[in-house]
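Written below as structure tokens is the structure these notes are about.
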Amino acid sequence: MLNQINVRLPAQSAYSYPIVLGNGCITQLNELIGRVGKVSKILIISDEEVAKLYADKLVQDLSLSYPTHLITFPSGEKNKSAENKAKIEEQMFKLQCDRHTLCIALGGGVVGDLVGFTAATYMRGIRVIQVPTTLLSMLDSSVGGKTAINTSYGKNIIGAFWQPSAVLMDINFLQSLPQEQIINGLVEAIKIFLTFDKAYVEKCTNNIENIIALEHDVLIDIINRAVSLKAYVVEVDEKEQNLRMGLNFGHTVGHALEKITNFAVLHGYAVGYGILVEAKIAELLGLINQEDYQVIENLLAKINIVKDYLKQFNSQDIVVAMRGDKKNSNQEIKVVLINGIGTMKNIGNQVAFPVAENMILQAIDCLKGE
Ligand code: GLY
């Protein structure tokens, strides 16, 4: 099965890019490159671990049609840095890359963000095709054009919106991942379904074992729906002025957990615990009922994301860490609030609302059983 979703930016203009999704669809990359316009040279940029698995074959295949080079950098979040960006640029100059060079970002979110940002600034912007190899990067960072590096002042704090020319998602890449990494990504799909699509919340609940087992049809269906919803959000609000903030459901608390654990908790898991807290806040505010909250708790429990995890933290520490969230303004903590399963509070596309700190504390304490 091969699916194609088109992202149109802005929604009314002729500019759009395809997202190709399938099992084994990496074989379509050459054809996809043919659709992006004149290409003088191809640079596959990847981390050392992903490159070991997939780069040789790709370089060999693409070399038949284009001068193709491989650039790698060490894997890991700490390498999404200005230093590595500069090293990649240095190699690009040495290879005489020009404005018709096409970058292929082959890897997870770190690769996609770093390569996307390098492409955004090299000679004021060259084209990039995102080829995500993790479920998290398929469902999140490869779509929507957010690119960034980390600095000592924070994660993703320097970056640009730079839309890819195409995205190619081959679920075959997921076979090499441990189950923890599948769950890490799946939470992002659950998040977008909880805010936009009740039927798919039910589908996830009823098919969770098959999804985790990477059963092709159901997995492609879930990714296709989640990515289509994200594409819709990005078309409406590319620069995150309003609706795109809805993609941050579970993230205000999730980012706080990442911060206080010094990123020991994986992003998707942190968002999962964040969803529990932010759904409990919605329940305490009377926006959802107890049964709705229970649907969410039961679904996340199926992937071992349980409220007891929160017991190890001081609730106040979580709230203090939430004060630095990018969505905040006027020193108020802002949270995306669901008001049903598959729907969120939305006033004129504004979807993040101030919540009192004592309400957040109450929700966390309630989940901790205090
Ligand atoms: N990761 C959320 C977004 O792309 O806006």
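For the numbers below, each heavy atom of this structure counts, side chains included, while hydrogens, waters and symmetry mates do not. Each ligand, and each atom within it, is numbered from 1 in the order the structure gives.
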Glu357 versus Gln316, side-chain donor and acceptor atoms under 3.5 Å: no
Between Glu77 and Asn150: side-chain donor-acceptor atoms closer than 3.5 Å: yes
Pair Asp197 + Lys203, salt bridge at N-O below 4.0 Å: no
Short N-O contact, Glu297 and Lys307, less than 4.0 angstrom: yes
For [atom], what's the nearest protein heavy atom and its distance?
{"atom": "atom 5 (O) of ligand 1", "result": "Arg244 NE, 2.7 Å"}
{"atom": "atom 4 (O) of ligand 1", "result": "Lys230 NZ, 2.7 Å"}
{"atom": "atom 2 (C) of ligand 1", "result": "Asp140 OD1, 3.6 Å"}

Per-atom contacts, ligand 1 versus Glu240 - under 4.0 Å to a heavy atom: 5 (O)
